[in-house]
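Beneath this line is the structure, given in structure tokens, with notes to follow.
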There are 2 protein chains.
Amino acid sequence: MLTTMSTSLHHRAVEHLGARIVGGVLPAGHVMLAEQLEEELKVSRSVVREAVRVLQSLGLVETIKRVGIRVLPAHRWNPFDPLVIRWRLAGEGRGAQLRSLAELRSAVEPAAAELAAQNAPQKLRSELVDISLAMRDAGHAGDMPTFLELDIRFHALVLSGSGNEMFANLIGQVTETLTGRTVHGLMPAHPEEAALQWHMDVARAIADGDGEKAREAASNIMRETIADLSPSWEDQPRVFVPVERK
Amino acid sequence: MLTTMSTSLHHRAVEHLGARIVGGVLPAGHVMLAEQLEEELKVSRSVVREAVRVLQSLGLVETIKRVGIRVLPAHRWNPFDPLVIRWRLAGEGRGAQLRSLAELRSAVEPAAAELAAQNAPQKLRSELVDISLAMRDAGHAGDMPTFLELDIRFHALVLSGSGNEMFANLIGQVTETLTGRTVHGLMPAHPEEAALQWHMDVARAIADGDGEKAREAASNIMRETIADLSPSWEDQPRVFVPVERK
DNA sequence: TGACACCGATGTGTGCTGACATCAAAACTC
DNA sequence: GAGTTTTGATGTCAGCACACATCGGTGTCA
């Protein structure tokens, strides 16, 4: 009936609903009917049902017989799912999401650096040293695009080198944070000299297998990162997830 | 046509396929056809398609026109999804999964304790102190079931009290780790006196708003936990996720 | 007369099916 | 070998039957 389109109907439906739920347009408790969604999205039941099933697996909605499709409260969402994170970053939850990610990075990256010093393959260690030196040069030259690119790869290598697949999976989120910092002008024109040194320290320590030192240097980087980013989530209220008693 | 059943067909299909993929029965690159899955699971196209869509959102499979449904390599799976974690814990990836979770906990819990000391609501702080005392009593009495229950609630409260929803979301995984430790006999008959003291230290420090001290004490707990659990993942090879160049 | 239990109507999610559209791999033609 | 056609898989649609939670009416008993 319709002509060709770039993204599939399924993808569009998931995107449409997910963004509106996470974005706060559809509040928790809001009930939708499958039939109503068909009309709204101009798609058939299969598409709606498959999309709802995906959103259900993300914890965004639940389906109840005789009631409909109900939007779940935010604390039921899977905060580690890339889709949920993307929707939150695009909507009003942006500040809180950035803070969560920054705090997670602060916890994980030092641990990852320590593990990388113990476990990373040799090739990765030497590349890390090279990149830290290139970051210093790009930083001194004020070449921020190159610096950003190197920075992203640096942190990705540390996470990957930990040999922990959960840490490695955070690469995407870290990339988001790093690009966001530059895009939103929370980055100084020239990187701090200390930050450049800390990156070199991390690389050196990992190359030398000195886990303790790698963790320390990574902690320094994260402290500085938090300091740079914190203005973007000022006054964001914290949410305390209830602990359900069993 | 069919009679009633306890779990939905959709749920069964997701479970069946997910467990077999994560469990390694269906290796990466293996291609299935939707029609073939209908026969295998004795369900209709709708059920198969909705299940495949969910698995797709977990990164377990991809669908390619003219080819079929292809199993993706493990590094594409979402390692934070509760379903994936459960399947890994049930299958041959159990050791590696436990190590990943333990390392993640080691990184996150000290950070969560520090944040809780800064942000947690008063009520949560005092409950934490109460629980740490009850843990000491149960520990001295050798009442391990009660101790486990209190231990779980203790760590859940710390994660929740951090006010970081990503940390709070790890409650389920931590619970899994704690119960696993007792069930698999990796727990001493009486908890170590030092461990009991550390739990009280964490609670006290959070109650006093001393983030530094809370982090330190939580680190001690995690060091001990790792020492207790590490036998269960000895000789598990580490996997280094490739960092794709953009 | 009023309170309560029962029970059937109703509507909505669940599941099944046949048909057609779409698109990319593979086979074919020149 | 390049371009075209065929083919076979997923994508999408629409209609139907069924299970079942909810609601409201009806009957019974106090």
Side-chain angles (χ1 to χ4, degrees), chain A residues 1-18 20-21 26-73 76 83, chain B residues 1-18 20-21 26-73 76 83:
Chain A
M1 186 184 183
L2 285 193
T3 57
T4 62
M5 57 208 70
S6 51
T7 64
S8 71
L9 293 182
H10 171 74
H11 185 76
R12 278 191 1 191
V14 170
E15 205 62 33
H16 178 90
L17 286 171
R20 302 207 325 162
I21 291 172
L26 302 174
H30 180 81
V31 173
M32 299 164 294
L33 272 41
E35 190 185 354
Q36 152 198 346
L37 291 178
E38 294 177 32
E39 281 186 33
E40 190 176 323
L41 302 174
K42 308 288 186 204
V43 293
S44 73
R45 259 193 38 206
S46 329
V47 178
V48 169
R49 291 192 40 167
E50 287 165 24
V52 168
R53 279 268 141 89
V54 170
L55 297 177
Q56 198 176 22
S57 83
L58 302 183
L60 263 56
V61 301
E62 65 180 347
T63 61
I64 309 174
K65 282 196 153 182
R66 174 70 194 181
V67 174
I69 299 149
R70 179 185 293 160
V71 176
L72 290 173
R76 296 284 301 277
L83 288 175
Chain B
M1 187 185 186
L2 285 193
T3 59
T4 62
M5 56 210 69
S6 52
T7 65
S8 71
L9 293 182
H10 170 74
H11 185 75
R12 278 191 4 193
V14 170
E15 206 62 33
H16 178 89
L17 285 172
R20 300 208 324 165
I21 290 172
L26 302 174
H30 180 81
V31 173
M32 300 164 293
L33 270 44
E35 190 184 359
Q36 153 197 347
L37 291 177
E38 294 177 32
E39 282 185 32
E40 189 175 324
L41 301 174
K42 307 288 187 203
V43 294
S44 71
R45 280 208 313 278
S46 342
V47 176
V48 168
R49 287 184 49 87
E50 287 166 26
V52 168
R53 280 266 141 91
V54 170
L55 297 177
Q56 198 176 22
S57 83
L58 302 183
L60 263 57
V61 302
E62 65 181 347
T63 60
I64 309 174
K65 285 197 156 185
R66 173 72 192 185
V67 174
I69 300 148
R70 180 186 293 159
V71 176
L72 290 172
R76 296 283 302 274
L83 288 175

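Lettering follows sequence order; numbering is per chain, from 1.
- If you find the closest nucleotide of DNA chain C to S46(A) and to Q56(A), the one lying nearer the 5' end belongs to Q56(A).
- Taking atom CZ of R70(A) as the reference point, atom P of dA21(D) lies 14 Å away to the nearest angstrom.
- The side chain of L33(B) has dA9(D) as its nearest neighbour among dA25(C), dA9(D), dG15(C).
- Proximity of V71(A) to L60(A): side-chain heavy atoms (C-beta onward) are nowhere separated by under 4.5 Å.
- No donor-acceptor pair closer than 3.5 Å links the side chain of E40(B) to the backbone N or O of L37(B).
- Within 3.5 Å, a donor on the side chain of R66(B) pairs with an acceptor on the base of dT7(D), or the reverse.
- With dT12(D), dC16(C), dG13(C) as the candidates, the nucleotide lying closest to the side chain of S8(A) is dT12(D).
- We find that CZ of R49(B) is positioned 11 Å from C1' of dC13(D), with the value rounded to whole Å.
- For the pair V47(A)/L41(A), no side-chain contact is recorded, criterion being any heavy-atom separation below 4.5 Å from C-beta on.
- Take the nearest nucleotide of DNA chain D for A34(B) and for E38(A): the residue whose nucleotide is more 5' is A34(B).
- I69(B) has its CD1 atom 12 Å from the C1' atom of dG11(D), to the nearest Å.
- A donor N or O paired with an acceptor N or O is found under 3.5 Å between the base of dG18(C) and the side-chain atoms of R45(B).
- DNA chain D is contacted by both V47(A) and I64(A); V47(A) maps to the nucleotide lying nearer its 5′ end (nearest heavy atom per residue).
- To the nearest angstrom, P of dT22(C) lies 19 Å from NE2 of H10(A).
- Judged by distance alone, the side chain of Q36(A) and the main-chain N or O of L33(A) form a donor-acceptor pair under 3.5 Å.
- The CG-P distance, from L9(A) to dC23(C), rounds to 11 Å in whole Å.
- Applying the 3.5 Å distance criterion, the base of dT22(C) shares a donor-acceptor pair with the side chain of K65(B).
- In plain terms, the two heavy atoms of V31(B) and G68(B) that are nearest each other are CG1-CA, 4.2 Å.
- Taking atom CG of L37(B) as the reference point, atom C1' of dA9(D) lies 13 Å away to the nearest angstrom.
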